[in-house]
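I have placed the structure first, in the form of structure tokens, so that the comments after it can refer back to it.
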Amino acid sequence: MTVRRVSEILRQGQPDEAVQIQGWVRTKRESKGFAFVEVNDGSSMAGLQVVLHQELPNYSETLRRLSTGASVEVSGQLVASQGKGQRIELKAEAVTIFGEADSETYPLQKKRHSFEFLRSQGHLRARTNTFGAVFRVRNACATAIHQFFQERGFLWVHAPIITASDCEGAGEMFAVTSLDLKRVPLTESQAVDYSQDFFGRPAFLTVSGQLEAEIMAMAFTNVYTFGPTFRAENSNTSRHLAEFWMVEPEMAFCDLEGDMDLAEAFLKYVFSYVLTHCAEDMEFFNARIDDSVLSTAQNIIDNEFQRITYTEAIDLLEKADRTFEYPVSWGLDLQSEHERYLAEELFKRPTIVTHYPTQIKAFYMRVDDDEKTVRAMDVLAPKIGEIIGGSQREERLDVLERRIQQQGLDPAVYWWYLDLRRYGTVPHAGFGLGFERLVQFMTGMGNIRDVIPFPRSPLSAEF
RNA sequence: UCCUCAGUAGCUCAGUGGUAGAGCGAUCGACUGUUAAUCGAUUGGUCACUGGUUCGAAUCCAGUCUGGGGAGCCA
């Protein structure tokens, strides 16, 4: 007999069908002469209710071993459920226990656990309702992202994980080395002699695949990266990870408007996909985690994003009928409280802020004609803050060289990046999206460590 | 890195100087349809660590470690 997935049986199973399932016991409820065991195989939020009657061979022995967490294979016949709460259930005829889970020591109990505790049980937390839903939604988000770009003819680019250039200076990088840290070779001037290291030069884990994506966009027109990135910042917040996944589309022959249009269409697509493919999980988040999750998702799908310039944002913040902890003034970057005020309180929907002051943005952003601002855009999401950051890129060689020098960077390091402007340059634009922040936004989960299977953060790399 | 709160039973917490507590879980028992099952009983402790104050410290003080929330940095 073929083993069937629980989700499929719950959807399509009919009474009198003989079926076999495999999974893990979530709960067991015993009565005199029979017992109910809920078996979950991760395919859906709901498990299949298995009914064991005392006529079953080794009934009491089997029942004793079937505690929460045990792995099991059950075959039997589907029957219409007499009880409320499920359409069908499985009347067990044969039960095989692969592995018991000692109920005295199994960490997951038949009760709610705090997310803090479950983080310490990273090897088991995927077996809980919440994390099951999170990782199914995460998977659906990833699928939707690929589908969105593939439908539009974007090429998926595999950006390197190891890089030799600190390209955009986006924070601290993790060093990659094969040198013996106990006996690091030194040059005559007592600096580390990287010529003896694996790559013959300093190497790091990537902080962004954007510059590599630009290379590929200059050949394939529309591309995107989707992969892990790393930041060695000592950030201890609910929105930062040392290892996280990033999505970075890059489009040749595209300006800031086209970039914004893509970002908006992208978010609408992903939210719509997840609502239809993970309806049960999304209902769960709405009921148990954040009761605004469904309405927020619908809001994003149905309404146009608010678009304002940085200058307009400053004006609105100065007029705001409330006081901010940090000053609001043209030329200063927006603080978290400012971003949240705009997206959460004022507009109550995703808000795109554009044309930031030149001096607070990266060197590769296209300088506007008045030189005061650049063609940058941030998509601010309620509760999460900046979820997307993007820009039209500077395609003019002379301007780019000047900007690199102004920011105290060495143009020689960027020789290949400058070559792209030297040979066949085109206006182009792209953005970066923090994948975990998208999943956070989607699910309402408060801490980013709870939307990635194995979170990496300062002092934390267990599992 | 800064601010702030916390660390007591397997989990969630109460306990503000004088014999260590509750709920849940787990275990055992009862129950012929449960679904956070219900009812009864039982079980459960290096009070984060180190040092100090005191006749006496979970409680007061100092330091350290770990975690939560917020901020900065950013995605």
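We name chains A, B, ... by the order of the sequence lines, and we start the count at 1 in each one. Predicted model, so just to flag it, every value in this text is computed and none were measured.
- Other residues, nucleotides and ligands place no more than 12 heavy atoms under 6.0 Å from the CZ atom of A/Arg112.
- With hydrogens and angles left out, the side chain of A/Gln82 and the base of B/G33 share a donor-acceptor pair within 3.5 Å.
- Distance, A/Glu30 CD to B/U32 P: 14 Å, rounded to whole Å.
- A/Leu63 places its CG atom 11 Å from the P atom of B/U27, with the value rounded to the nearest Å.
- In this structure, A/Glu304 does not pair ionically with A/Arg349, as no charged nitrogen and carboxylate oxygen lie closer than 4.0 Å.
- Set against B/U34, B/C73, B/U32, the side chain of A/Phe34 has B/U32 as its closest nucleotide.
- Across the protein-nucleic acid pair, A/Tyr106 atom OH and B/C11 atom P stand 15 Å apart, rounded to whole Å.
- Distances shorter than 4.0 Å separate none of the side-chain N or O atoms of A/Asn236 from OP1 or OP2 on B/G70.
- Dense packing is recorded around CZ of A/Arg87, with more than 12 heavy atoms of other residues, nucleotides or ligands lying under 6.0 Å away.
- Set against B/C11, B/G68, B/C74, the side chain of A/Glu116 has B/G68 as its closest nucleotide.
- Two residues, A/Leu334 and A/Ser460, neighbour RNA chain B, and the one matched to the more 5' nucleotide by heavy-atom proximity is A/Ser460.
- Judged by distance alone with a 3.5 Å cut-off, no donor-acceptor contact links the side chain of A/Ser31 to the base of B/C31.
- Rounded to whole angstrom, the span from the CD atom of A/Gln335 across to the P atom of B/C3 amounts to 18 Å.
- Put simply, CD on A/Glu38 is 9 Å from P on B/A36, counting in whole angstrom units.
- Using P as the reference atom, B/A22 and B/A41 are 13 Å apart when rounded to the nearest Å.
- A donor-acceptor contact under 3.5 Å is not formed by the side chain of A/Glu104 with the base of B/G25.
- For the pair A/Gly83 and A/Ser336, nearest-nucleotide mapping onto RNA chain B gives the more 5' position to A/Gly83.
- B/U8 sits 16 Å from B/U66 when the C1' atoms are compared, rounded to a whole Å.
- Comparing B/G44 with B/C13, their C1' atoms sit 16 Å apart, to the nearest whole Å.
- Nucleic acid contact class of A/Thr229 (heavy atoms, under 4.0 Å, all strands): none.
- Ionic pairing of A/Glu8 and A/Arg5 is not present here: no N-O contact between side-chain nitrogen and carboxylate oxygen is shorter than 4.0 angstrom.
- B/A30 and B/U46 have their P atoms separated by 33 Å, given to the nearest Å.
- A donor and an acceptor atom sit less than 3.5 Å apart, one in the side chain of A/His240 and one in the base of B/C74.
- Contact of A/Gln109 with B/G10 (side chain to base): a donor-acceptor pair of N or O atoms is detected under 3.5 Å.
- Using N1 to N3 plus N6-O4 or O6-N4 for Watson-Crick, or N1-O2 and O6-N3 for G-U wobble, each under 3.5 Å, B/G23 pairs with B/C11.
- Separating the OH atom of A/Tyr59 from the P atom of B/U32 is a distance of 12 Å, rounded to the nearest angstrom.
- Contact annotation: A/Gln49 does not reach the phosphate of B/U34 (side-chain N/O to OP1 or OP2, under 4.0 Å).
- In this entry the distance linking CZ of A/Arg239 with P of B/C73 reads 10 Å, nearest Å.
- Listed candidates were B/U66, B/G68, B/U34. Nearest to the side chain of A/Arg449 is B/G68.
- Judged by Watson-Crick or G-U wobble contacts below 3.5 Å, the nucleotide B/G18 has B/C55 as its partner.
- What you find for A/Glu73 and A/Gln20 is that their closest heavy atoms are OE1-NE2, 3.1 Å.
- For the OP1/OP2 pair of B/C31 and a distance below 4.0 Å, the side-chain nitrogens and oxygens of A/Lys32 include at least one atom meeting the criterion.
- Taking only side-chain nitrogens and oxygens, A/Ser103 comes nearer than 4.0 Å to OP1 or OP2 of B/U27.
- Atom name C1', nucleotides B/G68 and B/A48: the rounded distance is 15 Å, in whole Å.
- Base pairing of B/A48 is made with B/U64, judged by Watson-Crick or G-U wobble geometry with both donor-acceptor distances under 3.5 Å.
- For the C1' atom pair drawn from B/A14 and B/U1, the interatomic distance equals 35 Å after rounding to whole Å.
- Ring pair A/Phe463/A/His123 is parallel by interplanar angle, where below 30° counts as parallel and above 60° as perpendicular.
- Remark: A/Asp259 does not engage A/Arg393 in a salt bridge, criterion side-chain N to carboxylate O under 4.0 Å.
- The partner of B/C39 is B/G29, by the rule that a Watson-Crick or G-U pair needs both atom distances under 3.5 Å.
- With rounding to whole Å, A/Trp245 atom CH2 is found 20 Å from B/C74 atom C1'.
- Under 4.0 angstrom from either OP1 or OP2 of B/G69 there lies no side-chain N or O belonging to A/Thr237.
- Among the nucleotides B/U34, B/G68, B/U1, the one closest to the side chain of A/Arg119 is B/G68.
- The existence of a salt bridge linking A/Glu257 and A/Arg307 is confirmed by a sub-4.0 Å separation between a basic side-chain nitrogen and an acidic carboxylate oxygen.
- Atom name P, nucleotides B/U42 and B/U34: the rounded distance is 28 Å, in whole Å.
- With B/G33, B/G69, B/G25 as the choices, the nucleotide that has an atom nearest any side-chain atom of A/Glu89 turns out to be B/G33.
- Using the Watson-Crick or G-U wobble rule with both distances under 3.5 Å, B/C2 pairs with B/G70.
- With both ends at atom P, the span from B/C47 to B/A57 equals 13 Å, rounded to whole Å.
- Under 4.0 angstrom from either OP1 or OP2 of B/U27 there lies no side-chain N or O belonging to A/Arg64.
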